[in-house]
Amino acid sequence: MDSGTRPAVEIVEVGPRDGYQGIGPFIPTSTKIALLERLAAAGLRRIEIGSFVSATALPQMRDTREVLAACRQLPGVSAQVLVPSERRGRDAVEAGAQCLVFVLSVSEAHNRNNVRRHPLESAGEYENLLAAIPSEIGMRLDIATAFDCPFTGRVPEAAALALLDRLIPLRRDAEICLCDTTGRVAPDHVKGLFAAARDRFPETPAWAFHAHDTYGLGLANVHAAFGQGVRVFDASFGGLGGCPFAPGATGNVATEDVVWMFERMGIPTGIDLDALVPAAREAAALPGALPGGRVREALSSRIGTAVPDTARA
Ligand code: ZN
């Protein structure tokens, strides 16, 4: 790849974790690995391949070790795995993970629901984890419910910043991802919190944004974060996600939609849409999947028409 097409934004494919975890029927490990290979071939270079969590709570993630081992064989692909505690983080490193995503929520109600701890107890887990693993293991912090909580609604900016005050000094080179867990945030709030956070923690080397598209604001929010200097974006191929038991809930912003937007803006992503879209269609067709996004269908219906898009009214 020459410098003219070097990616200006980094898209982290989180479908194999955030997308699959809501799918009821177990996706065969061989299918997961085949789809990882398709994603890698489309140019995805960072993939969140699963999580080290309770197999009882999230049975879809029970083969994360095998998927991780397979992903490590893919040249040029960096696998990251999500962990909610010191113990799970150690398990992940022992299994060969080289990049961990430690997740905790700003909202006490959401954190207790997820991991049965106060957010500050989770911060203590993070501190213990850092002490327990080699410093060369890459670290990202996923700040869930940074904007909005499914139980208590809008999360005050001050609460998100206060949690970052506790977390960021523990490891200053960690990437910080502010997550719109519910998809209910609006672009002005995305802009406001990133502006405040970047102002307060100017040394943080990388900020990331994790969008859900539940209310159709995923791309608008990604664009708002981009406007604040964020260059790392989570997305899920096929727009996978959502909970099969929560009608109307949808997944992450679709990877193909994010790629489409940035490429239309002249901002290279390093991802080949022609290779990504067929993989996204396959993911969207997985039994039990709740797909989202628009670009997949738009491009699929265009195939064969040979009408230049500039000719459209
Ligand atoms: Zn998510």
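All residue numbers refer to positions in the sequence shown, counting from 1. When reading the values below, keep in mind they use all heavy atoms of this one structure, side chains included, and skip hydrogens, waters and symmetry mates. When a ligand or atom number is given, it counts from 1 through the structure's own listing order.
Residues Thr269 and Glu263 bring a donor and an acceptor atom of their side chains to less than 3.5 Å of each other. Between the side chains of Thr29 and Asp63, at least one donor N or O sits under 3.5 Å from an acceptor N or O.
Looking at His189, His212, His110 one by one, the single match for ring-ring contact (aromatic ring centres under 6.0 Å, His included) with Phe147 turns out to be His189.
When atom types are taken as modelled, the side chain of Ser122 and the backbone of Leu104 share no donor-acceptor pair closer than 3.5 angstrom.
Ion pairing between a basic and an acidic side chain is recognised when a charged N comes within 4.0 Å of a carboxylate O; Arg90 and Glu94 show no such pairing.
A heavy-atom distance below 4.5 Å is found between the side chains of Tyr126 and Arg171.
Around the Zn ion (ligand 1), the protein contributes the following N, O or S atoms at distances under 2.8 Å: Asp18 OD2, His210 NE2, His212 NE2.
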